[in-house]
Amino acid sequence: MERVIIVRYSEIHLKGNNRGYFEKVFVANMEKSLKGVKHEIRKQSGRYIVENFDDYNVDLIIERLNKVFGIHTLSVAYRVNSDMDEIFYAAQKVCKESGTFKVETHRADKKFPLNSMQISAAIGGRLLAKNPNISVNVHNPQFTVSLDLRENGKTLVFGDYLKGPGGMPVSTAGKGLLLLSGGIDSPVAGHMIAKRGMSLECLHFHSYPYTNMQAKEKVVDLAKVLSGYTGGTKLNVVSVTHIQEEIHKKCNGEFMVTLLRRFMMRIAEIVAKNNGLQCIITGESLGQVASQTVEGMTSSNSVIKDLPVLRPLCGFDKNEIIERSRAMGAYEISILPYEDCCTVFLPKHPVIKPKMKDVLEEESKLNVEELINEAMASLEEIII
Ligand code: ATP
Ligand code: MG
């Protein structure tokens, strides 16, 4: 008797002619996530079987696979010879100690002497005889014992269907640049977009020495969390210290955030183009803070020449975002108290609905091109 893991995939099924491509990427992503852990992955009638691993690694493998987008459900199964005694022995192992249950049998091996109804009845009967605390309920059972008799003379015996992360395999939907701050929102935005199959690079702006090195470490840690889902990422880090000093010195302070955002977007577009990335992703959520109004977005969007800006959190409430942040494993890092560059030189009353005419007038006091070139010269690339 050996343990295997059954991996069922979700939307990949839908991809008609491209299916081969999606599956290839999907398997490569699973292999990457299990790197360093002994295993083999095999395709078997529309799903994958992870096998030949050491039993003590089951939980680790499940934990890793839970970050591979495209996986719909997972089951830890016992694989035995298709022999009623062996099947029963494994069925006992997956059977719960009490509650209502049913046995569900799928018989691909049409040569097996009993049909699926007879197999379910026989195994169910033997389980009942062994344990007085369980009873059968075929319509609404509390748990199911599943038997899958394969053509190769082996049977998979399993209980729960564990929910996988869903989504599409990363790197089947292009590449994007995530503007990653140290906050709660942007990692969640990246996670959502990666879930739809996009691979990510990250871009972080700091204002060292106004912000400290711990703030940067925090962002590295957040990028690591994301890279658990994307199979690696690159973190681009750019200093906006001088830009902020210049805005502070020469412009109406109320426009600090509005103007800084425009610089961020310009730099983001350059970094994206230099790295062959196809869009910019931010963690903005409509109305969450003063700068996240439609007017603020109009102002920051208008400096972008031709890349789409994706804002997946626009329609989410903060508590929904926090829930997702916890679920993806970023929350505890995001709430560490280090300062973000946006909080440096923050005005008491930031302009909430900036008018383009005023934004352009304030910006005309700055040498935009020179400041951008200077910021680009500070670019540092960290491979995660
Ligand atoms: P977050 O929780 O992601 O920091 P926030 O609620 O603090 O978001 P803002 O500070 O207005 O909101 O930032 C909006 C978005 O702009 C962020 O989600 C992020 O995508 C981008 N951004 C803000 N600050 C930075 C930064 N220092 N580096 C990179 N991107 C940033
Ligand atoms: Mg922030």
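One-based numbering along the sequence shown. Both counts, for ligands and for their atoms, begin at 1 and track the order of listing.
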Crowding at NZ, Lys224 (>12 non-hydrogen neighbours, <6.0 Å):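 Open: at most 12 neighbouring heavy atoms sit under 6.0 Å from NZ of Lys224.
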So for ligand 1, is [X] a polar contact partner (N or O within less than 3.5 Å, distance only)?
X	answer
Thr282	no
Met264	no
Pro187	no
Gly182	no
Ile184	yes

Numbered atoms of ligand 1 (with element) below 4.0 Å of Gly183, judged on heavy atoms: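 Ligand 1 atoms under the 4.0 Å threshold to Gly183: 1 (P), 2 (O), 4 (O).
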Atoms of ligand 1 close to Leu179 [distance to a heavy atom under 4.0 angstrom, numbered from 1]: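 It comes down to these atoms of ligand 1: 19 (C), 20 (O), 21 (C), 29 (C), 30 (N).
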Heavy-atom proximity to atom 9 (P) of ligand 1, best of His206, His204, Arg261, Glu284: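 Looking at heavy atoms only, the winner is Arg261.
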Parallel, tilted or perpendicular: ring planes of Phe26 versus Tyr48, cut at 30 and 60 degrees: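 Perpendicular: the ring planes of Phe26 and Tyr48 meet at over 60°.
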Aromatic plane relationship, His206 with His204 - under 30° parallel, 30 to 60° tilted, over 60° perpendicular: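 Correct class here is parallel.
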Part of Val257 within contact of ligand 1 (heavy atoms, under 4.0 Å):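 It is neither part, as no heavy atom is under 4.0 Å.
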Residue part near ligand 1, for Leu203, under 4.0 Å between non-hydrogen atoms: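 Backbone only.
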Inter-residue atom distance Ile87.CD1 - Leu147.CG, 0.5 Å rounding: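 The distance works out to 6.0 Å.
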Expected output: side-chain Asp54 to main-chain Tyr56 donor-acceptor under 3.5 Å: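 Flag not set: sc Asp54 to bb Tyr56 has no pair under 3.5 Å.
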Over all atoms of both residues, closest heavy-atom pair of Met256 and Phe345: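 Heavy atoms of Met256 and Phe345 come nearest at CE-CB, 3.5 Å.
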Verify same cluster id: Leu149, Met1 (apolar side-chain graph, 4.5 Å):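 Yes, because Leu149 and Met1 connect within a single hydrophobic cluster, where side-chain heavy atoms sit under 4.5 Å apart.
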